[in-house]
Amino acid sequence: MNIEKKLQEKTIQALQSLYATTVEKVALEKTNHDFKGDYTLVVFNFLKISKKKPEDTAIEIGNYLKTNLPEVADFNVVKGFLNIVVKDSFWLNYFQSSFNKPFINPTLPENAPTVMVEYSSPNTNKPLHLGHVRNNLLGFSVAEILKAAGNHVVKTNLVNDRGIHICKSMLAWQKWGGGETPESSGLKGDHLVGKYYVEFDKHYKSQVADFKSKGLSDEEAEKQAPLMLEIQDMLRKWEAGDKVVRTLWEKMNAWVYKGFEASYKMLGVSFDSTYYESNTYLLGKNIIDEGLASGVLKRRADNSVYIDLTADGLDEKTLLRADGTSVYMTQDLGTAVQRFEQHKFNKLIYTVGNEQDYHFKVLFLILKKMGYKWADGLFHLSYGMVELPEGKMKSREGTVVDADDLMQEMVNTAAATTKELGKTEGLSDADADKLYHTIGLGALKYFMLKIDPKKKMLFNPSESIDFNGNTAPFIQFNYVRIQALLRKANENNFNVLNESITVNIPEVILPKEKELIIRLYNFNTALKQAADEYSPAIIANYVYDLAKEYSQYYHDTPIFKEESKDLILFRLQLSKTIGDAIKSSMKLLGIEVPERM
RNA sequence: GAUUCCAUAGCUCAGCUGGAUAGAGCAACGGUUUUCUAAACCGUAGGCCUUUGGUUCGAAUCCAAAUGGGAUCACCA
């Protein structure tokens, strides 16, 4: 059992035994660095029941713990703070018993809950940009974390492949494309289609400006511009299954999918299932009928259907237009129900930006009101926007940071830095390319994941992403150092893994070594917290602290100069375990670690 | 206007389920290489934790208000 839990339970017992009072739970914290101890109990809360001075109360509890818990070595009291010292032997036993065991359990428990994680969900009218990068990295990492925490995870992608915005690219290509294809232009498919999306907007804007100069209002001009009428006509034809429109749609979407596939591969994300809106956009209508029958939904005089959420502090939400067609919300109701029927999930997590907070609040509330019990398991993983120094990115205005460009730039920077540091020696071209990819993408991923998902983040394209300090390359570098140590150990006949060598861990270990062991011990706590909060940032901070701590240790403590063979082996084993922890943590973030750099 | 999220070093961020003197990285300045790879390590400097009030033995952390910033408030997705 976890030492923290043991201490908490014993403290509750102590309070019961000393003051005959039952306390539900007690909070322990890590002892501040300036004091001796591992865990601290703040006793101010117990003064009412002890009716004694803080110091005396702390001493009484401390004595009880020391006598009744074999793991407690000692304690000291400063004012109302009871600092508890755990025996070195406890940490050493933990270390020895966990050596060379995986940090992440590779098998799932028998009745692992099913969690669906929806992320990415791109539009097929333009290439991925920085905002999508955050979404993809976050969704993938959360899926990895939940998997490691013992859930059966289904990663899913809902591709928005239809609608008026797709028609814009299609129409523009038809008019001005001159038959251009990815092959003929040398452009990646998604970029080619995105080019025509921008093209449409350019022409459309000039038409609107023309109409406005003739005295029309903004709204009128936007409605009457011929291009607007043309895409609306195109959308109607699409919905009617018009052969020409559908063929064009299929052709251009295929280009986009090929492009996305390349971006996803570069980014290292994947999906277990992919849904297309062209297949799901009609879902949800039967649910509307049920809702009407049960009275949860109402019909207006003009035949449109809505739900009244004003009693819940929200508005009236329309679910079917007067002409009977469905809206975004209708579709999301339908897909949620469909997913539950297909996967019987315990939880469904939507990785979607915080600009849709309201939408999901309404969606979940409607499903609850309609009586779906599983709606309690729905969660909106809401993350902040990625902003540029000049503000929000706008694809139509070209102020976007393109995902493919950014990734390539990161790889290039990694290559340049590696060469500059003279670390390419003995690397084959293929290995070098792999290394640049690992470092460059690692830096990018860590940069985005170390920030709390809920917070908006600032990205300044003119300042390159760091490779020093609190970054993935720093963490990777420490992993690499450890691998180099282990190689050297092999050459010197120190077989770290050989079970036949019994290592007598020295009685007294360095404070830094104990600290490192405690950090290893806390891996599971970090994993659990990250899973509970859906926050890769917790893992990122954990692994950075571990790597930083190790870096100091590595610097201050030469290993092979040591005379005692046991001590050398212990330090090698400690280093190896830290390497394992780094690798496992980075895997949770979707970041690879190289063997050399 | 309504709702909602946010505000910590020059910059980017931790810390927030109340606890001891608020931590990192970057940038700046200075140092460390006959050592297991310096993408490293050490040091200096940098803070009215936006403001005001409240709760408490104790507030960056909880509550309220103010100020500033973002988002949402479509029969768009």
Side-chain angles (χ1 to χ4, degrees), chain A residues 25 27 29 31-35 40 42-45 47 54 78-81 83 121 123 160 162-166 277 281 300 302-306 313-332 353-359 361-362 382 384-385 387 391-392 414 417-418 420-423 439 443 447 450-452 454-460 463 465-478 480-482 484-489 492 537-538 540-541 544-545 548 551-561 568 571-572 575 596-597:
Chain A
K25 64 175 185 183
E29 43 208 276
T31 301
N32 189 306
H33 275 286
D34 302 331
F35 300 92
T40 294
V42 183
V43 300
F44 288 109
N45 292 325
L47 299 185
V78 183
K79 292 186 282 181
F81 298 90
N83 300 319
S121 303
N123 291 340
N160 182 0
R162 62 165 284 280
I164 202 111
H165 48 286
I166 315 291
E277 258 191 48
Y281 81 109
R300 293 196 188 94
D302 68 358
N303 217 30
S304 63
V305 177
Y306 73 103
L314 304 169
D315 299 315
E316 283 185 4
K317 179 71 198 174
T318 298
L319 297 174
L320 275 189
R321 296 190 188 99
D323 63 5
T325 55
S326 56
V327 296
Y328 178 40
M329 186 63 78
T330 325
Q331 210 184 122
D332 263 7
N354 63 10
E355 52 196 353
Q356 295 196 35
D357 284 355
Y358 183 79
H359 171 78
K361 217 165 154 180
V362 171
S382 161
M385 297 288 99
E387 285 179 10
K392 215 184 155 182
T417 310
T418 306
E420 204 177 295
L421 292 169
K423 296 194 175 192
I439 296 173
F447 175 80
K450 75 171 174 185
I451 297 172
D452 185 334
K454 331 191 262 296
K455 293 201 168 179
K456 68 174 180 204
M457 65 181 289
L458 189 81
F459 178 81
N460 190 344
E463 289 171 18
I465 292 175
D466 266 313
F467 280 58
N468 300 323
N470 187 354
T471 65
F474 169 77
I475 297 164
Q476 290 168 327
F477 177 67
N478 279 289
V480 165
R481 276 174 154 174
I482 291 168
L485 267 185
L486 296 175
R487 281 194 296 271
K488 180 165 174 171
N492 289 286
I538 287 163
N541 286 319
Y544 172 67
D545 285 340
K548 186 178 154 60
S551 187
Q552 293 166 344
Y553 173 68
Y554 178 90
H555 181 267
D556 296 340
T557 318
I559 291 179
F560 289 108
K561 281 194 170 174
I568 295 176
R571 289 182 177 171
L572 286 171
S575 297
R596 296 163 198 265
M597 70 188 278

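We name chains A, B, ... by the order of the sequence lines, and we start the count at 1 in each one.
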Take atom CZ of A:Phe474 and atom C1' of B:rC26, then tell me their distance rounded to the nearest Å.
-> 14 Å
Intra- and interstrand pairs of RNA chain B - dot-bracket, Watson-Crick/G-U under 3.5 Å, | marks other strand | (((((((..((((.....[...)))).(((((.......))))).....(((((..]....))))))))))))....
If we take the C1' atom in both B:rA60 and B:rG18, what is their distance in whole Å?
-> 11 Å
Give a yes or no on whether a donor-acceptor pair under 3.5 Å exists between the nucleobase atoms of B:rC75, that is its base, and the side chain of A:Asp302.
-> yes
Calculate the interatomic distance between A:Asn45 atom CG and B:rC57 atom P; express it in whole Å.
-> 11 Å
Expressed in angstrom and rounded to an integer, what is the separation of A:Lys450 atom NZ from B:rG23 atom C1'?
-> 14 Å
For RNA chain B, whose closest nucleotide is more 5', that of A:Asn32 or that of A:Asn354?
-> A:Asn32
Do we see a donor-acceptor contact under 3.5 Å between the side chains of A:Thr471 and A:Asp466?
-> no
Euclidean distance for C1', B:rG43 against B:rC6 (whole angstrom) = 36 Å
Say you pick atom P in B:rG10 and the same atom in B:rU50; how far apart are they, in whole Å?
-> 12 Å
Measure distances between side-chain N and O atoms of A:Thr318 and base N and O atoms of B:rA74, and say whether any donor-acceptor pair falls under 3.5 Å.
-> no
Rounded to whole Å, the CG-P distance (A:Asn460 to B:rA27) equals 15 Å
Any donor-acceptor N/O pair, A:Arg321 side chain to A:Ser304 backbone, under 3.5 Å | no
Expressed as a whole number of Å, how far does the C1' atom of B:rU21 sit from that of B:rU17?
-> 24 Å
Ranking A:Ile439 and A:Val42 by the position along RNA chain B of their nearest nucleotide, the one closer to 5' is A:Val42
P spacing across the pair B:rA22 / B:rC26, given as an integer number of angstrom = 22 Å
Please state the C1' separation for the pair B:rG15 and B:rC49 - nearest whole angstrom.
-> 11 Å
Polar pair under 3.5 Å, donor/acceptor by atom type, side chain A:Lys548, base B:rA24 | no
To the nearest angstrom, the CG-C1' distance between A:Asp556 and B:rC41 comes to 7 Å
Regarding the side chain of A:Asn123, the nearest nucleotide among B:rA77, B:rA71, B:rA38 is B:rA77
Determine whether any donor atom in the side chain of A:Thr471 lies under 3.5 Å from an acceptor atom in the base of B:rA39, or the reverse, and answer yes or no.
-> no
Counting only N and O atoms by type, is there a donor-acceptor contact under 3.5 Å from the side chain of A:Lys450 to the main-chain atoms of A:Asn470?
-> yes
Do we see a donor-acceptor contact under 3.5 Å between the side chains of A:Arg481 and A:Ser551?
-> yes
The nucleotide from B:rA77, B:rG19, B:rG25 with an atom nearest the side chain of A:Asn470 is B:rG25
Any chance you could measure A:Thr31, atom OG1, to A:Asn83, atom CG, to the nearest 0.5 Å?
-> 4.5 Å
Whole Å only: how far is the OH atom of A:Tyr358 from the P atom of B:rU3?
-> 13 Å
Give a yes or no on whether a donor-acceptor pair under 3.5 Å exists between the nucleobase atoms of B:rA20, that is its base, and the side chain of A:Asn83.
-> yes
A:Phe44 over B:rG58, stacked by centroid distance under 5.5 Å, angle under 30° | no
Find the distance A:Asp452:CG to B:rC5:P and express it as a whole number of Å.
-> 14 Å
Find the distance A:Asn541:CG to B:rA24:C1' and express it as a whole number of Å.
-> 9 Å
